[in-house]
Amino acid sequence: MYIYRITTTGFFTKRNWKSMKSFDHKEIERKWQKKWQNERTYEVSDDTHKKKCYVLDMFPYPSGEGLHVGHPKGYIATDVYARYMTMQGMNVLHPMGWDAFGLPAENYALKNKVHPAVAVKKNIARFKEQLEKIGFNYDWKREINTTDPAFYKWTQWIFIQLFKKGLAYESYEPINWCPSCKTGLANEDLDGNVCERCGTVVEKKPMRQWVLRITAYADRLLQDLDALPWSDSVKEMQRNWIGRSEGALLRFPVVNTEDVVEVFTTRPDTLFGATYMVLAPEHVLVSKHMPRIGNADEVQTYIQTTSKKTDIERTTAGKEKTGVLLEGLVVRNPANNKELPVYISDYVLAGYGAGAIMAVPAHDERDYAFAKKYNLPIEQVVIPYADDTNNPPQEGYKEVKRETVIVFLKNKETGMYALLDWHGTLEGITTGIMGGVEEGQTPEDAVYAEIEEEVALKGISITKKLRWITAARYCASHKKENRLALSHVFLAEVDTCKNQGEIPDEEKAKHTLTWVTEQEVLEKLTPDHQKQIWRLLQEEEALPGEGVLMNSGKFSGLSSEEAKKKITELVGGELTINYRLQDWVFSRQRYWGEPIPVVHCDSCGVVPVREEDLPVLLPDVESYEPTGTGESPLASIEDWVHTECPKCGGKAKRETNTMPQWAGSSWYHLRYIDPKNDTALVDKNKEAYWSPVDVYVGGMEHATRHLIYARFWHKFLYDIGAVTTSEPYQKLYTVGLILAQDGRKMSKRWGNVINPDDVVSKMGADALRIYEMFMGPFGQAIAWSTDHMVGARRFLERVNGLQEKIDFAGEGNNILLHQTIKKVDEDIASFDFNTAISQLMILVNDMEKRATVQREEYKILVTILAPFAPHLTEELWEKLGHKHSIHKEVWPTYDEKIIQEAVATIAVQVNGKVRGSFTALPTTGEVELKELAKQVVTVKPHLEGREIVREIVVLGKIVNFVTQEKNT
RNA sequence: GCCCGGGUGGUGAAAUUGGUAGACACGCAAGACUUAAAAUUUUGUAGCCGUGAGGCUGUGCGGGUUCGAUUCCCGCCCCGGGCACCA
């Protein structure tokens, strides 16, 4: 018999089946896959006496292309984990199914001129065949398919429950329309402003659609994230997506009308600094007041220009601001009754907040840029302050306010700037020239006085005064008080330093004057606050930070935090929370989706289909091409559309929009628990037993779509009592991509796809599994390497070859064996498969070096390898004389005491450098370790002639001698 | 711009309550077996110096803390991902 094997050059050669090491993977796989099926090895019971473990993969979308080698990576991981958990005595549910509604399947069907239902059936068969070759332990009796009416009956049922609770509603707001896919899309389906599916730039199109009120769950979706044991990155992505921001709704009356403009702001504390207002061009008040606007033509033109722009053109940060004044429209600032001009500009988005802003140019970058361009007043109302990091304010000291000046003085002759190096308690600190503003002095007076005093220079001129007053808090420890220094900041010049007088000793004791170049200033300045001031002097920017209020009437002096509440209260606004998350656009104007189960009745309006009439079947039709009119192709199927109203029995029309691809996947995890139930979505007892999913595995690309939608639906089902947990998935692991050998994504387009079928046929399913788990950390993207894969196959051959050495009383290495059981056990549990395998390799390498191998030890090796290599281990297990499947075997236990017996290698350091090592029992005491360490041959020379001043011992690890030269 | 990851040999990587950096695997080099090749196997493999024993350097860069830093702190650079005129 011959088998084929891969060589280092990638060619496959025939090899004589002589060596005991090699094995015929094809035969073994065929034999056991058949046997597992016949003996129903992987069927799951609802035996509630056992502890359960629900392990779930994100189910695949069966595309026409079939699987590539990257797809099964996550499935292999869950398979390993599920087998491991089964061996731990758990009742494990590890199901698989198909997510088959939606655009990709429909587009594939259109392209290949087959009915989507036919295409899907064929693709599923192909996927299933590919998966089965890899030897997964799915219980196929629980297979589900989102396009199966028995499944989508319940998707529709959930929609009706949402509708009844007011969480599904019709809307006519403009939504994202993909002209190529001919359907409306949710925000989540966009990649920037481009259809995530086909790459076409989307348009805003007003149309009737169904929307789910996911925003009602925004806060819970956000808050419950904290307790989820998910990776920070996924949680952070969801937080960003939900985008909660706390602020206030404020109302600005429109002068000479009854109208008010509502604005949302996160900074109500800056209300006194609002110097104009900006509306989104689409704002309702713009069209409403068009007759009274003086420059209506100009305004209309601007609105039109804006509407033609794509969202990307409109919303790229840092773009030059544009806008138009609405002549004749004036609003009143409710805080100080000042009248403010109103602009429209595309930097204000209609869809966020109230679609209008109060512009505070002093404290907002964007408003600042706009105000600069259109010459609008800029008024500082907040003094942001920073705590001095070198000398921070102390708890418990009283705070004293001081008005100060900070000057950066330039010598025109040399171009150098004067800085002060401080002494005494401020040693190490370097600042600009600073001092207090005395009673009756203007800040400018103080500048002249201070420079004369501290630097003894006359004839200086002020060249710039910073627009802003800044502040820093620090501790004046000699006075036992904290100071809040409000600073006026200046740039000043002096022609020459030739006439510098004598600096008084008193000042010299406090600080030394140093001159530095312009480039050096930023390096030399130590307080962050002064660095910031210096930067502001170079380039003036808005001051976005919070701080102490000024120029704000009776609120001046308050902190931003207090002022937010009080100012909002004063003007009758309310503190609110705003989300970036928008309601979920749930209609698709396409054929291949779940029909939305409602009818439109002339007398009753929108009426949900009676639950006993579910499912509303997707009609079987010849032509299902999208219309592009905003109507679904279902609209033209007359005898399907016309129906009776479930309420009054009168004439009604069916809703013709279908659900998006994400509907089925938002709850499918529940259906595996009870896949055949016709009277309920899931049996209550079964749900209570199996929920939640304990371990969920899938790609990072679902972090903000599927994973948010599914959490939303699950929470809703929890609220109506349909499920018992408020979160669907406990532990979540994201699988890292397998890239092609060229480092790019695997894709037909690049011609770099590796098909698992080929790999399985040439190297075996077990080798594929081992390799994919051994590649690197599970969550990391790594390029496929056929070269590296050889190692996985060789490893299995070595395991197989060890049979020759089995002997009942053969050689053993009990310590290593127990270390291995422990490591593999813990690493599988934490999804660190790569290190689990490397430990198995260490054990196998050790066994290979022996003349014989103890039978019991080999048995344990095969057992703990079984989750990774189910076929070969099953074969070896049988050869060892076992009648039951190895996959029903109990996981071996390890003995911590035996592991403790391992001798430790103690490193010996001299002054932190390793100079040698010796072995000792881990129980060896400190005194003995020191003595042994001193005797190490390579260590001795380093101790000779030197005095040991300190000895550090870490038991079982290290001895470190700190030495110095002997005093003579 | 903001937020999350990450940066270790020729390659994939391992090690973090601070304790011998590079386990394991691939590749490579030399040897054994062979007429030869493949397969298998033995040895070596971070860099530099040295015949060797050994020495010096080394975990993106620069500082710091420590007897000791891949690991902790401060300041940067680069790569990947998310969000982004979000008020």
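Labels below follow one simple rule: chain letters A, B, ... track the order of the sequence lines, proteins then strands, and each chain is numbered from 1. All values reported here derive from a predicted model rather than from experimental measurement.
Protein atom CG of Asn960(A) is 15 Å distant from nucleotide atom P of U66(B), rounded to whole Å. At whole-Å resolution of the value, CZ in Arg794(A) and C1' in A39(B) are 10 Å apart. Summarising the geometry, the separation between OH on Tyr276(A) and P on A87(B) is reported as 16 Å, rounded to the nearest angstrom. Summarising the geometry, the separation between CG on Leu190(A) and P on C83(B) is reported as 11 Å, rounded to the nearest angstrom. Atom pair Asn834(A):CG and A25(B):P shows a separation of 14 Å (rounding to whole Å applied). Across the protein-nucleic acid pair, Ile837(A) atom CD1 and C26(B) atom P stand 13 Å apart, rounded to whole Å.
Here Arg244(A) lies out of heavy-atom contact (under 4.0 Å) with every strand. In this structure, Val348(A) reaches the bases: a heavy-atom distance under 4.0 Å links it to at least one base atom across the strands shown. Residue-level contact check: Ser785(A) touches neither bases nor backbone, having no heavy atom under 4.0 Å from any strand. Lys235(A) comes within contact range of no nucleotide atom at all, as no heavy-atom separation falls under 4.0 Å. Within the nucleic acid shown, Thr905(A) comes within 4.0 Å of at least one base atom, counting heavy atoms only. Nucleic acid contact class of Asp367(A) (heavy atoms, under 4.0 Å, all strands): none. Residue Ile782(A) is in sugar-phosphate contact alone, with no base atom involved, counting any heavy-atom pair closer than 4.0 Å across all strands shown.
Place His942(A) and His788(A) on RNA chain B by their nearest nucleotides, and His788(A) ends up nearer the 5' end.
Checking A25(B) for Watson-Crick or G-U wobble geometry (two distances, each under 3.5 Å) identifies U11(B) as its partner. Nucleotide G5(B) is matched to C79(B) when pairs are restricted to Watson-Crick or G-U wobble geometry with both distances under 3.5 angstrom.
Glu541(A) has no carboxylate O lying under 4.0 Å from a charged side-chain N of Lys372(A), or vice versa, which leaves the two without a salt bridge. Electrostatic pairing of Glu797(A) and Arg793(A) counts as a salt bridge here, judged by a charged N lying under 4.0 Å from a carboxylate O.
At a cut-off of 3.5 angstrom, the base of G19(B) holds at least one donor-acceptor pair with the side chain of Gln909(A). Side chain Lys321(A) to base C85(B): a donor-acceptor pair is found below 3.5 Å. Judged by distance alone with a 3.5 Å cut-off, no donor-acceptor contact links the side chain of Asn240(A) to the base of C83(B).
The glycosidic torsion of G80(B) lies more than 90° away from 0, which places this base in the anti conformation.
No more than 12 heavy-atom neighbours from other residues, nucleotides or ligands sit within 6.0 angstrom of CD on Glu173(A). When the shell of 6.0 Å around NZ of Lys957(A) is examined, it contains 12 or fewer heavy atoms from other residues, nucleotides or ligands.
With P as the reference atom, U34(B) and A23(B) are 33 Å apart, rounded to whole Å. Using P as the reference atom, G10(B) and G22(B) are 16 Å apart when rounded to the nearest Å. Taking the P atom of each, U70(B) and G9(B) are spaced 14 Å apart, rounded to whole Å.
Remark: the Tyr733(A) side chain and the Ser231(A) side chain contain no N/O donor-acceptor pair separated by less than 3.5 Å.
Residue Pro777(A) places its side chain closer to A13(B) than to any other of A13(B), C85(B), G55(B).
Here Tyr343(A) and Phe370(A) bring their ring centres to under 6.0 angstrom of each other.
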